[in-house]
Amino acid sequence: MPELTVGGQRWQVAPGSNLLDALNQAGVAVPYSCRAGSCHACLVHCVQGLPADSRPDALSNEQRQLGWRLACQCQVVENLQIETFDPLRDGLPATVIGIDWLSTTVLRLRLQPGRPLRYRAGQHLVLWTASRIARPYSLASLPEDDRFLEFHLDCRHPGQFSDAARQLQVGDPLRLGELRGGALHYDPDWQQRPLWLLGAGTGLAPLFGVLREALRQDHQGPIRVIHVAHDASEHYLAKPLAALAANRPELTVDLLEGAQLASFLAQLRLVSRQTQALLCGHPDSVEAFARRLYLAGLPRNQLLADVFLPRG
């Protein structure tokens with residue numbers, strides 16, 4: 001059986017084992033979000049040996065030649081020596097400068113990084129606690145506001161990071177992993193096209209950033225924001241969205257409860273086949289949105305999606 005080596009730890013795994021699972025099951029903390037090769041949170045460095053890679057197109061040729069792989073997309077077929085991200089060695093220090101509840105289950109976390117970060121709306125970072133609990137979160141802030149980085153944490157269900165985040169206080173230290181791309185962004189070439197932003201739960205966070213970036217760039221086409229929440233109390237950005245819509249006639253906002261989603265989607269029609277759609281949230285909601293948009297005639301290359309996988 002092939003062996004995995006990480007630091008001073010060495011163990012055997014079954015041939016064909018998923019690399020991400022093999023690492024995490026052995027207690028080697030490798031964060032992940034999508035398990036689809038999109039979020040890049042599970043990037044690892046292969047020092048010796050190479051795994052079988054089902055998504056070679058997910059990384060650049062330069063990254064691959066240097067031995068970088070996405071653990072979620074790899075199977076162990078030979079002995080491997082792996083280097084994982086060390087938050088103390090490789091991470092950027094950050095300080096909690098704000099923490100408050102946007103709803104009963106959504107925690108807003110604002111961090112001041114040790115140095116300014118250059119990023120795009122829709123990107124995400126891996127956050128590391130002092131006890132080395134890691135989780136990727138999308139940025140809800142914009143690069144133009146360099147006072148803080150903002151994240152919206154879904155705390156509706158127990159989780160290692162969200163449980164730790166509940167205990168954070170202003171002044172506490174965290175570490176930031178590498179900035180990741182993800183699928184969501186705003187392209188100035190879309191300026192004249194209808195733009196639909198469909199989010200479920202805290203999947204709204206990166207879309208809120210993309211929305212404000214589109215408005216900042218004076219998007220000319222109609223913009224539609226659709227947010228699905230567990231219940232009405234969880235439309236945690238309802239007031240900011242309403243304030244934006246009050247001053248932007250091209251912007252409309254639909255707030256749905258989960259029970260309303262099926263009937264809403266059944267009546268959903270495209271205003272134009274030129275529509276650009278960005279989706280984010282739980283896989284079930286993203287799949288429901290995408291299926292309906294495809295049936296309505298949206299070309300597949302005009303839909304970008306990031307999914308958030310629940311994790312204990």
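Residue W190 is not grouped with residue L198 when hydrophobic side chains (ILVMFWY) are merged at heavy-atom distances under 4.5 angstrom, including chains of intermediate members. A single hydrophobic cluster is not seen to contain both L20 and L70; linkage of ILVMFWY side chains at heavy-atom distances under 4.5 Å, directly or through other members, places them apart. F148 and L111 are not part of a single hydrophobic cluster, where members link through side-chain heavy atoms under 4.5 Å apart. W128 and I133 are members of different hydrophobic clusters when ILVMFWY side chains are connected at heavy-atom separations under 4.5 Å. No continuous path of ILVMFWY side-chain contacts below 4.5 Å connects L278 to V271, so the two sit in separate hydrophobic clusters.
Minimum heavy-atom separation, V286 to C280: CG2-C, 3.8 Å. The minimum heavy-atom distance linking R292 with L265 is given by the pair NE-O, 2.8 Å. Among all heavy-atom pairs drawn from I82 and C46, the shortest one is CD1-SG, 3.7 Å. Residues S138 and F151 approach most closely at O-CD2, 3.4 Å, considering heavy atoms. The minimum heavy-atom distance between G201 and H227, with the atom names listed, is O-NE2, 2.9 Å. The minimum heavy-atom distance linking P87 with R175 is given by the pair O-NE, 2.9 Å.
D231 places no side-chain N or O within 3.5 Å of a backbone atom of E257 that could act as its donor or acceptor partner. A distance-only check finds no donor-acceptor pair linking the side chain of D145 to the backbone of L142 [under 3.5 Å]. With hydrogens and angles ignored, the 3.5 Å screen pairs a side-chain donor or acceptor of H235 with a backbone N or O of L256. When atom types are taken as modelled, the side chain of R166 and the backbone of C155 share a donor-acceptor pair closer than 3.5 angstrom. Side chain of Q9 to main chain of A26: a donor-acceptor pair is present (N/O by atom type, distance under 3.5 Å, no hydrogens or angles). A donor-acceptor pair under 3.5 Å is formed between the side chain of E78 and the backbone N or O of L50. For the pair R135 (side chain) and Y32 (backbone), a donor-acceptor distance under 3.5 Å is present. Between the side chain of Q276 and the backbone N or O of L197, no donor-acceptor pair lies under 3.5 Å. S54 places a side-chain N or O within 3.5 Å of a backbone atom of Q73 that can act as its donor or acceptor partner. No donor-acceptor distance shorter than 3.5 angstrom exists from the side chain of T202 to the backbone of A205, with no hydrogens or angles considered.
Taking 4.0 Å as the cut-off between side-chain N and carboxylate O, D53 and R55 do not count as a salt-bridged pair. Residues D187 and R193 are not paired through a salt bridge, judged by the lack of any N-O separation under 4.0 Å between the basic side chain and the carboxylate.
In this structure, E62 places its CD atom where only 12 or fewer heavy-atom neighbours from other residues, nucleotides or ligands lie under 6.0 Å away. Within 6.0 Å of CZ in R10 there are 12 or fewer heavy atoms belonging to other residues, nucleotides or ligands.
P2 has its side chain out of reach of V77: every pair of non-hydrogen atoms, C-beta onward, lies at least 4.5 Å apart. Taking the side chain as every heavy atom from C-beta outward, T5 and L80 never approach each other to under 4.5 Å. A 4.5 Å side-chain heavy-atom check between V228 and F264 finds every atom pair outside the cut-off.
The CG atom of L204 sits 12.0 Å away from atom CG of D154, with the distance rounded to the nearest 0.5 Å. For the atom pair H124 NE2 and L149 CG, the distance stands at 14.0 Å (nearest 0.5 Å). Taking CD of Q65 as the start and OG of S60 as the end, the distance is 8.5 Å to the nearest 0.5 Å. To the nearest 0.5 angstrom, R224 atom CZ is 4.5 Å from D254 atom CG. The distance from the CG atom of L211 to the CG atom of L207 is 8.5 Å, given to the nearest 0.5 Å. Atom CG of L195 sits about 5.5 Å away from atom CD1 of I223, to the nearest 0.5 Å.
Aromatic ring orientation, Y137 versus F161: tilted (interplanar angle from 30° to 60°).
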* To do: Starting from the C-alpha separation in whole Å, work towards a yes-or-no answer on side chain to side chain contact (heavy atoms under 4.5 Å, CB included) for R120 and L139.
  => CA-CA 9 Å; R120 295 184 307 171; L139 286 150; over 6 Å; no
* Start with the C-alpha distance between L268 and L293, add both sets of side-chain angles, then the distance that settles side chain to side chain contact (heavy atoms under 4.5 Å, CB included), and finish with yes or no. => CA-CA 8 Å; L268 194 62; L293 290 172; 4.2 Å; yes
* From CA spacing to verdict: side chain to side chain contact (heavy atoms under 4.5 Å, CB included), R216, Y186 -> CA-CA 11 Å; R216 189 188 71 82; Y186 178 74; over 6 Å; no
* **side chain to side chain contact (heavy atoms under 4.5 Å, CB included) between L168 and L107, intermediate numbers included** => CA-CA 11 Å; L168 289 174; L107 184 65; over 6 Å; no
List the atom pairs, donor and acceptor, that lie under 3.5 Å between side-chain atoms in residues 236-248 and the rest of the protein, sequence neighbours left out.
residue	atom	partner	partner atom	Å
Y236	OH	H152	ND1	3.2
N247	ND2	A243	O	3.4
R248	NH2	L215	O	3.4

Check residues 296-304 and write down every donor-acceptor pair under 3.5 Å in which the side-chain atom is one partner and the other belongs to a residue at least two apart or another chain.
residue	atom	partner	partner atom	Å
Q302	NE2	R273	O	2.8
Q302	NE2	T275	O	2.8

Donor-acceptor pairs under 3.5 angstrom involving side-chain atoms of residues 89-97: please list them, not counting sequence neighbours.
residue	atom	partner	partner atom	Å
R89	NH2	T84	O	3.4
D90	OD2	D86	N	3.0

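Between E234 and T104, the side chains place a donor N or O and an acceptor N or O closer than 3.5 Å (distance only, hydrogens not considered).
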